[in-house]
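Because the structure is predicted, anything quoted here is derived from the model rather than measured. For the single chain, residues carry numbers from 1 onward in sequence order. All heavy atoms count here, side chains included; hydrogens, waters and symmetry mates do not.
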Amino acid sequence: MVQGMSSVSPAIQTAARSPDLTPRDWLEAGQSLLRRGGLKALKLRPLAEELRVSTGSFYHHFKDFDDYQGQLARYFAEDQVTDLIDALERATSDPIARIRLLGQTVRRRGASRLAIAMRAWAESDARARAAVERHDELMLDFLARSLTQAGFTRHEAEVRAYGLITLGLSKVHAPHLDMASLFDSLLDIMIARAAA
């Protein structure tokens, strides 16, 4: 920190930070708001507060809020998912280990809450609906390919992939189950035949 910076007013400090922000920073902040409060939380002022910048800096990256929402939907559907799948495939050649790693990553990032918020948004916005459909297509294909590599037929793999996605989106209250390990337990059940 530059000496004497603490004496600079907060408005000047935040204005100085905005050029460092990228569109991706704004998209990540939007996803954070969606995870915590759903679509009703996705507004310009809370976005700027999340990033500790003025609302004016938003317009350095986006034409308007409608443009931002369209980019936010595309980000959920494309770059974020393909980057994750690429990282999982680089991490290990073991298809079941890749799926386990996906489950750990989803839990760590709170991705299920984001997916639920995106699905709620998709009820009223065609861009969000297309994004959810594309996201699901990519994730189901990744899971099915991994399960096929583990020894299942494509049909068996697709059914199991759908079951795993559905678990990630469920809001079931099951106090007698260890929710932190439920994905791994279900995966163990689903792959039992391939391992036998």
Side-chain angles (χ1 to χ4, degrees), residues 14-15 17-88 98-143 161-174 179-183 186:
T14 58
R17 181 171 175 214
S18 63
D20 297 333
L21 292 176
T22 66
R24 187 176 185 131
D25 293 323
W26 286 94
L27 298 172
E28 289 287 339
Q31 287 189 340
S32 180
L33 292 176
L34 283 170
R35 267 193 296 279
R36 292 193 319 258
L39 187 58
K40 68 182 183 304
L42 188 63
K43 295 183 172 47
L44 181 53
R45 183 161 306 282
L47 266 174
E49 289 170 0
E50 184 86 4
L51 293 167
R52 298 185 327 264
V53 295
S54 68
T55 56
S57 64
F58 172 87
Y59 296 100
H60 290 285
H61 303 289
F62 305 98
K63 184 172 48 174
D64 55 29
F65 206 71
D66 188 60
D67 174 48
Y68 172 76
Q69 286 183 317
Q71 290 190 42
L72 182 61
R74 279 190 300 280
Y75 181 61
F76 175 76
E78 293 290 339
D79 295 342
Q80 198 169 43
V81 177
T82 54
D83 289 351
L84 174 59
I85 290 171
D86 289 347
L88 293 168
R98 281 196 305 262
I99 296 173
R100 288 190 198 286
L101 187 55
L102 172 64
Q104 293 163 6
T105 304
V106 164
R107 283 192 300 274
R108 187 177 66 251
R109 292 183 180 176
S112 291
R113 289 189 310 273
L114 175 60
I116 290 166
M118 288 297 299
R119 280 164 171 68
W121 181 16
E123 294 295 319
S124 62
D125 189 303
R127 298 167 303 182
R129 186 170 38 261
V132 166
E133 289 170 2
R134 180 65 178 149
H135 174 274
D136 290 354
E137 178 185 311
L138 291 168
M139 289 307 301
L140 287 167
D141 180 67
F142 165 75
L143 289 167
Y162 184 79
L164 291 169
I165 292 279
T166 302
L167 172 65
L169 296 172
S170 67
K171 292 184 178 181
V172 175
H173 176 68
M179 297 308 281
S181 64
L182 186 57
F183 181 88
L186 182 59

Residue set satisfying salt bridge (Lys or Arg N to Asp or Glu O under 4.0 Å) with Asp125, at least two apart, ordered chain then number -> Arg127

Scan for ring pair (Phe, Tyr, Trp, His ring centres under 6.0 Å) pairs involving residues 111-140, sequence neighbours excluded, and state none if there are none.
Phe76-His135

Residues at least two apart in sequence or cross-chain that pass side chain to side chain donor-acceptor pair (under 3.5 Å) with Glu28, listed by chain then number, are Tyr75

Approximate separation, where rounding is to 0.5 Å, of Leu101 CG and Leu88 CG
5.0 Å

Are any of the side-chain heavy atoms of Ile85 and Met139 separated by less than 4.5 Å?
yes

Would you say Leu102 and Phe142 make side-chain contact, with heavy atoms under 4.5 Å?
yes

What residues, two or more places apart in sequence or in another chain, satisfy side chain to side chain donor-acceptor pair (under 3.5 Å) together with Asp67?
Gln71

Sorted by chain and number, sequence neighbours left out, salt bridge (Lys or Arg N to Asp or Glu O under 4.0 Å) with Glu78 holds for Arg134

Ring pair (Phe, Tyr, Trp, His ring centres under 6.0 Å) involving Tyr68 - partner list, sequence neighbours excluded:
Phe58, Phe62, Phe65

With salt bridge (charged side-chain N to carboxylate O under 4.0 Å, His left out) as the rule and sequence neighbours excluded, what pairs involving residues 35-46 come up?
Arg36-Glu50

Not counting sequence neighbours, which residues clear salt bridge (Lys or Arg N to Asp or Glu O under 4.0 Å) with Arg119? List them please.
Asp136

Closest heavy-atom pair and its distance - Ala73, Ala131:
O-CB, 3.1 Å

Mind checking side chain to side chain donor-acceptor pair (under 3.5 Å) for Arg100 and listing every partner two or more places apart, or none if nothing turns up?
Asp188

Indicate the atoms forming the closest heavy-atom contact of Val106 with Ser112, along with that distance.
CG1-OG, 3.5 Å

Beyond-backbone contact of Gln69 with Leu42, side-chain heavy atoms, under 4.5 angstrom
yes

Does Leu47 reach the side chain of Leu51, with side-chain heavy atoms less than 4.5 Å apart?
no

In Å, rounded to the nearest 0.5 Å, how long is the span from OG of Ser32 to CZ of Arg113?
9.0 Å

Any donor and acceptor pair, going by atom type alone, linking the side chain of His61 with main-chain N or O of Asp25 inside 3.5 Å?
no

Could you go step by step and tell me if Asp79 and Leu27 meet the side chain to side chain contact (heavy atoms under 4.5 Å, CB included) rule?
CA-CA 11 Å; Asp79 295 342; Leu27 298 172; over 6 Å; no

Other residues, nucleotides, ligands: >12 heavy atoms within 6.0 Å of Tyr162 OH:
no

When rounded to the nearest 0.5 Å, the distance separating CZ of Arg109 from CG of Leu84 is 5.0 Å

What residues form a salt bridge (Lys or Arg N to Asp or Glu O under 4.0 Å) with Asp83, not counting sequence neighbours?
Arg24

Between Ser124 and Leu39 the two heavy atoms that sit nearest each other are OG-CD2, 4.4 Å

